[in-house]
Protein chains: 2
Amino acid sequence: MKSLIDTITAIQLESPVDKIIGQLKQLIISGQLKPGDRLPAERVLSERFGLGRSYIREAILKLEFYGLLKTNPQSGTYVAGLSINVIDNIISDIIKFNKDDFNALIEARYHLELNAVKLAAERRTEEDLASIRSAMHDYEHKISHGKDAVEEDMLFHIKIAKATKNSVIESMILILVPDLIKNIVENKVCGDNRAKTAIKEHRQILAAIETQDVLKAEEAMASHLDEIWQISKAGFAAQQIINETEN
Amino acid sequence: MKSLIDTITAIQLESPVDKIIGQLKQLIISGQLKPGDRLPAERVLSERFGLGRSYIREAILKLEFYGLLKTNPQSGTYVAGLSINVIDNIISDIIKFNKDDFNALIEARYHLELNAVKLAAERRTEEDLASIRSAMHDYEHKISHGKDAVEEDMLFHIKIAKATKNSVIESMILILVPDLIKNIVENKVCGDNRAKTAIKEHRQILAAIETQDVLKAEEAMASHLDEIWQISKAGFAAQQIINETEN
DNA sequence: ACCAATTAATTGGTCTACCAAATAAAAGTC
DNA sequence: GACTTTTATTTGGTAGACCAATTAATTGGT
């Protein structure tokens, strides 16, 4: 039962890094900084924004990850050669990007995994099959002992992602995993009955991957995730109600 | 014509940050650091790894983005409550993650955008339609003047991504955009003939989104991306040959 | 006036010192 | 002895100092 103090601490001012990113965005939009230009030196930015150089570097690092900046050691940091419009769009998205949107998370996972399982069915090697099987057995073993096995479940999916032989898709799924686990645990998707049916579904998915039946793999994964999705939704709705009644 | 010096400079040693991440991974695998534990203080890690605290912080930041660590100010940094196996898998992926894998990039884009356009067709608002139309017109305008319009093309796709109302999928597409543009420019996907057909394809996609015809939207996007994919592949193969003959 | 070689200034990379908040330890109180 | 209050220590947050590489400016020669 926590209410007032939480809502207060939740109102934290914009992080210094996002502030800097926003400022840089303004510099670009206003035309003071054109695509391809060199950024002012980190020290200059530090002074101009009234923040330590550490923050400037952190912001640059973040924008570099998104491909908007490129820094050459001992030379300077340069704005990507993208149109202002594209840069603007991406920066706006970076600032507001968070993985807390429950529905978006589950939905993205759903689509990504459907894509992944199709590719996996197509390309899996014998080693992939072995590691997927192993992960499946770990899951079943944990379940048969009446324990939670959320992570083993995810590991099964991770091994499938690896079998896609597509590092980008794999990485995207990996990025979502911790938040998915958090979500699943919080919404108690893993009931005892659920676990039993999940085992069956896993086996169907594996079977389809083994026979390289792309269509069947997709179907099996879809129904597997559909169930999880429904349960998550219900759990999330319940959680929402609890939160509301707390205020 | 560059050969020897490049292959030498290309052999850059593992970055300090990845080195630290690898070390942390070892600590976790070896059981010295269990899920839920608090990390040694940054200063301690700094001394133990023989690297400055800046690097430690950078590594922690990266792992935090992937959801593996959680740092509480003035208290400590904690390992996520995930099984060692999951953590191991994700860290391994982080270290080797790069968006330079050409085929993986295009393929991931293909699947993501197919998912996106279906959701967009389903959920687009009038505002979405307006911004998509606007982006399309910008593209056509630029093309009609005989100019390159790679970025305007991407903007068209970005607006569709925004219409999905799914921030996770949107962000994932956004992350790929700069690399996609780089790839497209390098492989000269944008020939003059190509541009003309691309305009038609864009219009078909937009039409399907307008009428909320999910299936048609998917088909239109698929054939649009298929063409780009094929051209990219050819361009990439050509580039490979050039690189090889340079040695 | 032009160009090469040398020097000076600037850059990001790296590390260390200081800060306020959070925690643990110690002292005081009943 | 149990509990509260105070103090000391440890933490991540922040800022600034130093370094080597790069780039710009200067110089000297022709």
Side-chain angles (χ1 to χ4, degrees), chain A residues 2 5-6 8-24 27-28 32-34 36-80, chain B residues 2 5-6 8-24 27-28 32-34 36-80:
Chain A
K2 47 178 185 170
I5 185 65
D6 288 277
I8 291 176
T9 52
I11 304 173
Q12 57 186 348
L13 48 140
E14 202 177 20
S15 88
V17 174
D18 282 345
K19 213 168 180 174
I20 294 169
I21 293 178
Q23 297 265 14
L24 289 176
L27 280 180
I28 292 172
Q32 294 180 57
L33 206 55
K34 292 187 220 317
D37 278 3
R38 199 183 69 184
L39 244 66
E42 294 180 353
R43 288 169 185 75
V44 177
L45 291 174
S46 166
E47 195 175 348
R48 174 132 33 128
F49 295 157
L51 290 163
R53 231 186 107 195
S54 323
Y55 285 130
I56 305 290
R57 303 204 91 235
E58 205 174 311
I60 290 176
L61 216 64
K62 205 167 173 182
L63 291 175
E64 225 176 339
F65 175 79
Y66 284 89
L68 296 183
L69 296 179
K70 169 78 184 162
T71 118
N72 299 27
Q74 270 68 40
S75 163
T77 301
Y78 298 80
V79 181
Chain B
K2 48 180 185 171
I5 186 64
D6 288 276
I8 291 176
T9 52
I11 304 174
Q12 57 186 349
L13 48 139
E14 203 177 19
S15 88
V17 173
D18 283 345
K19 213 167 180 175
I20 294 169
I21 293 178
Q23 296 267 13
L24 289 176
L27 280 180
I28 293 172
Q32 295 181 56
L33 206 55
K34 292 186 222 315
D37 278 2
R38 198 183 70 184
L39 245 65
E42 294 180 355
R43 287 170 186 75
V44 177
L45 291 175
S46 166
E47 194 175 349
R48 175 132 31 127
F49 294 158
L51 290 164
R53 233 185 104 196
S54 323
Y55 286 130
I56 306 290
R57 304 201 93 236
E58 204 176 311
I60 290 176
L61 216 65
K62 206 167 173 182
L63 291 175
E64 225 177 337
F65 175 78
Y66 284 89
L68 295 183
L69 296 178
K70 168 79 184 162
T71 121
N72 300 24
Q74 270 69 40
S75 164
T77 301
Y78 297 81
V79 180

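Here is the naming used below: chain letters follow the sequence lines, and residue numbers restart at 1 for every chain.
The backbone N or O of Lys70(B) lies less than 3.5 Å from no partner atom in the side chain of Thr77(B), so there is not a single donor-acceptor pair.
The distance from atom CG of Leu45(A) to atom P of dG12(C) is 8 Å, rounded to the nearest whole Å. When the C1' atom of dG12(D) is taken as reference, atom CD of Glu58(A) falls 12 Å away, rounded to whole Å. Separating the CD atom of Glu42(A) from the P atom of dA21(D) is a distance of 18 Å, rounded to the nearest angstrom. Rounded to whole angstrom, the span from the CD atom of Glu64(A) across to the P atom of dG12(C) amounts to 11 Å. If you take NZ of Lys70(A) and P of dG12(C), they are 14 Å apart, rounded to a whole angstrom. The CD1 atom of Ile60(B) sits 7 Å away from the P atom of dG12(D) (whole-angstrom rounding).
Remark: Leu24(B) CG to Lys62(B) NZ distance equals 12.5 Å, nearest 0.5 Å. Interatomic distance, CG of Leu63(B) versus CG of Leu69(B), reported as 4.5 Å (0.5 Å rounding).
Residue contacts shown for Thr77(B) are limited to sugar-phosphate atoms, with no base heavy atom under 4.0 Å away. Nucleic acid contact for Thr71(A): sugar-phosphate only, since backbone atoms but no base atoms lie under 4.0 Å from a heavy atom of the residue.
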(Q) For nucleotides 19-25 of chain C, give me one character per nucleotide, 5' to 3': B if any protein heavy atom sits under 4.0 Å from the base, S if the only such contacts are to the sugar-phosphate, - if neither. (A) BBBSS--
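With a cut-off of 3.5 Å on both pairing distances, the Watson-Crick or G-U wobble partner of dT30(D) is dA1(C).
Qualifying salt bridge (charged side-chain N to carboxylate O under 4.0 Å, His left out) partners for Asp37(B), counting only residues two or more places apart in sequence or in other chains: none. For Glu42(B), the side chain to side chain contact (heavy atoms under 4.5 Å, CB included) partners at least two apart in sequence or on another chain are Arg53(B), Ile56(B), Arg57(B), Ile60(B).
Closest to the side chain of Arg53(B), out of dT11(C), dC15(C), dC18(C), is dC18(C).
Considering only heavy atoms from C-beta on, Arg48(A) comes within 4.5 Å of Leu27(A) through its side chain.
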